[in-house]
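Input: one structure, supplied below.
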Amino acid sequence: MRPLETLLPTETLEIENGLSLVPRVKLNLTIHPSLPSVSKPIDEWQLKRALIDFLKTSLSVSVTVPEEDLQIKRLKDLKKRKRDEPVAHGALFIRDIRFLSSKKKIEEVDNEEEDVKELEKKFLEWRSYVAEKMDGIELNLEGVKYNLSVEIPASDDFERMRKDWEESYAFRNRGYSRGGRQEPDTIVLRGVPSRWFAEPRVSSKPSMLVTHTIFSTFGKIRNLNVSEDEDLAKGMDEYELDIGIVSGLHCKIIVQFEKYRDFYNALKVLCGRSLQKQGSRLSADYEVTWDKDGFFRNSRSQNQDKSSKMQEPAAVRYRSAAPRREPHVSEFTSNDTRRKRFKVRIQLNDDDELGFLNENIGAHLEDLCKSRLNEVRLSVK
């Protein structure tokens with residue numbers, strides 16, 4: 001496979017298992033009514049038509065977007081809506097961006113690295129232009145006016161994520177660090193179809209082996225975690241979705257790479273792309289970010305805590321079972337003459353116990369008993 005550093009932002013990358021990463025532009029949409037007291041549900045079809053017409057006629061380059069690439073989530077019950085809440089959320093996907101690189105096919109470029117940087121700049125500038133052009137426009141749908149807010153999602157903004165982790169790790173790397181300079185190495189991918197990462201004709205659940213094979217395309221993997229993405233539709237209960245999100249059909253993948261460079265290139269390639277599978281018309285518009293929570297580090301800490309808690313009771317029982325050293329005192333004197341009968345109990349202090357560890361136990365105990373016995377005789381007299 002070609003080096004990822006030379007991949008243009010408008011190029012498709014083919015990876016393992018018949019999967020491809022296809023470039024696209026994604027914009028998040030938020031629709032507020034001009035009058036907060038609106039009670040009429042927004043017309044989804046008219047909203048889509050208005051946005052599609054705007055993209056065709058109001059941009060420097062006409063953009064054609066099919067209706068299925070406009071996803072709208074309407075608020076179910078407007079009576080429960082607060083005055084400052086939107087009536088709908090949505091996402092716009094512009095998948096045909098080949099026009100951005102059309103001139104490069106004719107021109108000869110001597111320096112491939114400069115070509116990549118130049119096209120990246122052009123791509124980012126055009127995406128920002130579209131977002132700024134759409135942001136704040138007013139939509140008139142059946143006599144009701146709405147205001148549109150548009151933003152680039154954080155999971156598609158690689159430069160913003162890079163600044164975030166540089167600031168975060170700059171704080172962590174202050175002062176002396178025994179392990180050397182720390183850098184991020186883990187990416188988190190959400191919202192990809194589980195069956196695309198499953199073993200064919202074996203299971204519909206994602207496979208660790210298949211997932212490892214796919215992500216090894218980007219570099220050597222240190223740790224990998226694959227699980228069902230149960231939180232994908234969390235918070236969307238109040239909205240009507242024009243696409244179905246069913247629990248268990250999508251998975252969450254966390255990949256830790258051996259090298260920072262592999263992490264960097266993988267995250268950069270995954271940003272601004274959708275996943276497609278050979279033979280399928282579905283595009284998986286996943287979310288990707290870097291691991292801010294230290295998933296694998298916290299997992300190791302939790303395992304160590306559990307291990308120490310399991311071992312602690314045994315150690316406590318071992319210490320409590322240690323025998324108490326209480327010497328026996330004879331009732332006869334050195335002259336074998338019987339004296340008054342009385343009981344003597346000697347409690348050893350900490351210094352005496354330490355002495356047992358370094359000296360002969362029998363000799364030390366005998367001397368100690370004689371000295372204590374003489375003290376007792378003097379007190380009795």
Side-chain angles (χ1 to χ4, degrees), residues 1-15 19-28 55 59-65 69 91-135 150-170 183-189 215 217-219 255 257 259-276 283-291:
M1 189 180 72
R2 62 182 291 187
L4 296 179
E5 293 91 339
T6 65
L7 188 70
L8 298 175
T10 55
E11 279 188 287
T12 296
L13 177 66
E14 295 183 358
I15 54 180
L19 297 175
S20 300
L21 290 168
V22 182
R24 47 97 177 124
V25 169
K26 178 183 178 181
L27 299 174
N28 286 340
L55 294 170
L59 301 179
S60 58
V61 177
S62 179
V63 174
T64 301
V65 176
D69 286 338
L92 166 67
F93 296 92
I94 304 174
R95 304 190 190 276
D96 188 4
I97 54 176
R98 291 172 294 178
F99 65 90
L100 290 172
S101 58
S102 57
K103 294 182 180 180
K104 291 297 177 183
K105 294 180 180 179
I106 302 174
E107 300 174 359
E108 290 185 2
V109 181
D110 296 330
N111 192 323
E112 190 174 16
E113 186 177 349
E114 289 183 4
D115 179 41
V116 172
K117 290 182 179 179
E118 183 181 345
L119 191 55
E120 282 180 354
K121 182 180 178 182
K122 184 179 180 182
F123 170 81
L124 296 176
E125 287 177 349
W126 186 82
R127 184 178 65 178
S128 298
Y129 159 74
V130 176
E132 291 171 3
K133 194 75 174 175
M134 296 183 67
D135 186 45
V150 179
E151 64 176 1
I152 299 169
S155 62
D156 269 33
D157 196 338
F158 176 76
E159 288 302 316
R160 190 197 307 180
M161 284 193 282
R162 183 175 62 82
K163 290 178 182 178
D164 287 346
W165 83 59
E166 286 179 352
E167 291 177 0
S168 176
Y169 278 84
E183 291 178 317
D185 55 9
T186 306
I187 63 173
V188 181
L189 196 71
F215 281 93
T217 303
F218 303 107
V255 188
F257 291 95
K259 298 179 181 179
Y260 168 77
R261 175 52 54 183
D262 294 335
F263 153 82
Y264 182 97
N265 290 334
L267 185 57
K268 188 174 183 180
V269 169
L270 289 166
C271 274
R273 285 180 167 85
S274 295
L275 194 65
Q276 290 185 354
S283 292
D285 300 306
Y286 54 78
E287 294 182 2
V288 65
T289 186
W290 62 285
D291 178 26

Distance in Å, Leu275 CG paired with Leu19 CG, rounded so as to fall on 0.5 Å steps: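 CG of Leu19 is found 5.0 Å from CG of Leu275.
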On a heavy-atom basis, which atom in Arg127 and which in Val25 lie closest, and how many Å separate them?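 So the minimum-distance heavy-atom pair works out to CG-CG1, 3.7 Å.
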What pair of heavy atoms forms the shortest contact from Phe263 to Asp185, and how long is it?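 Closest approach of Phe263 to Asp185, heavy atoms only: CD1-C, 3.5 Å.
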Do Leu13 and Leu4 touch side chain to side chain, with heavy atoms closer than 4.5 Å?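 Leu13 vs Leu4: side chains touch.
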How long is the gap from CG on Leu267 to SG on Cys271, to the nearest 0.5 Å?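 Interatomic distance, Leu267 CG to Cys271 SG, rounded to 0.5 Å: 4.5 Å.
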From Leu59 CG over to Ile94 CD1, what is the distance, rounded to the nearest 0.5 angstrom?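 Leu59 atom CG to Ile94 atom CD1 measures 7.5 Å (nearest 0.5 Å).
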Using only heavy-atom distances, determine whether the side chains of Glu14 and Ser20 contain a donor-acceptor pair under 3.5 Å.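 The criterion, which ignores hydrogens and geometry beyond distance, is not satisfied for Ser20 and Glu14.
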In terms of side-chain heavy atoms, does Thr10 have a donor or acceptor partner in Ser101 at a distance below 3.5 Å?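 The answer is yes; a qualifying pair exists.
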Under 3.5 Å, is there a donor-acceptor pair between the side chain of Tyr264 and the main chain of Pro184?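 No; judged by distance alone, with no hydrogens or angles, the pair does not exist.
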Non-hydrogen atoms of Asn28 and Pro153 that approach each other most closely: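 Shortest heavy-atom contact: ND2-CB, 3.4 Å.
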How long is the gap from CH2 on Trp165 to OG1 on Thr186, to the nearest 0.5 Å?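 Atom-to-atom, Trp165:CH2 and Thr186:OG1 are 11.5 Å apart.
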Among Lys121, Lys122, Lys117, exactly one meets side-chain contact (heavy atoms from CB on, under 4.5 Å) together with Leu119. Which residue is that?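 That would be Lys122.
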Checking the side chain of Asp285 only, and the main-chain atoms of Ser274 only, is there a donor and an acceptor separated by less than 3.5 Å?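 Flag not set: sc Asp285 to bb Ser274 has no pair under 3.5 Å.
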Determine, step by step, whether Val116 and Glu5 satisfy the side-chain contact (heavy atoms from CB on, under 4.5 Å) criterion, reporting the C-alpha distance in whole Å, the side-chain angles of both residues, the deciding distance to 0.1 Å, and the verdict. CA-CA 8 Å; Val116 172; Glu5 293 91 339; over 6 Å; no
Any residue meeting side-chain hydrogen bond (donor to acceptor under 3.5 Å, both in side chains) with Arg162, in chain and number order, not counting sequence neighbours: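 Partners of Arg162 under the side-chain hydrogen bond (donor to acceptor under 3.5 Å, both in side chains) test: Glu159, Glu166.
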Asp69: which residues meet the side chain to side chain contact (heavy atoms under 4.5 Å, CB included) condition with it, sequence neighbours left out?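 By the side chain to side chain contact (heavy atoms under 4.5 Å, CB included) rule, Asp69 matches Val65, Pro66, Phe93, Arg95.
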If the condition is salt bridge (charged side-chain N to carboxylate O under 4.0 Å, His left out), which residues does Lys26 pass it with, not counting sequence neighbours?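 Lys26: no salt bridge (charged side-chain N to carboxylate O under 4.0 Å, His left out) contacts found.
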Would the distance check show the side chain of Tyr286 and the main-chain N or O of Leu270 forming a donor-acceptor pair, the cut-off being under 3.5 Å?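 A pair under 3.5 Å: yes.
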Test your reading of the model: is there a side-chain donor-acceptor pair from Lys268 to the backbone of Phe158, 3.5 Å cut-off?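 No, because the side chain of Lys268 does not come within donor-acceptor range (under 3.5 Å) of the backbone of Phe158.
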Check: Asp115 and Leu8 side chains under 4.5 Å, non-hydrogen atoms: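 In short, these two side chains touch, coming nearer than 4.5 Å.
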How far apart are the C-alpha atoms of Phe257 and Ile187, what are their side-chain angles, what is the distance that settles it, and do they pass the side-chain contact (heavy atoms from CB on, under 4.5 Å) test? CA-CA 9 Å; Phe257 291 95; Ile187 63 173; 4.0 Å; yes
Does some side-chain heavy atom of Arg24 sit less than 4.5 Å from a side-chain heavy atom of Ser283?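 In short, these two side chains do not touch, never coming nearer than 4.5 Å.
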Indicate the atoms forming the closest heavy-atom contact of Pro9 with Ile97, along with that distance.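 Scanning both residues, the minimum pair turns out to be O-CD1, 4.5 Å.
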Below 30° counts as parallel, above 60° as perpendicular, anything between as tilted: where do the rings of Trp290 and Tyr169 land?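 Taking Tyr169 first and then Trp290, their aromatic rings sit tilted (interplane angle of 30° to 60°).
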Can you list the steps and then say if Leu27 with Ile152 is a side-chain contact (heavy atoms from CB on, under 4.5 Å)? CA-CA 5 Å; Leu27 299 174; Ile152 299 169; 3.9 Å; yes
Using side-chain heavy atoms (C-beta onward) and a distance below 4.5 Å, is Leu55 in contact with Leu92?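 Yes - at least one pair of side-chain heavy atoms lies under 4.5 Å apart.
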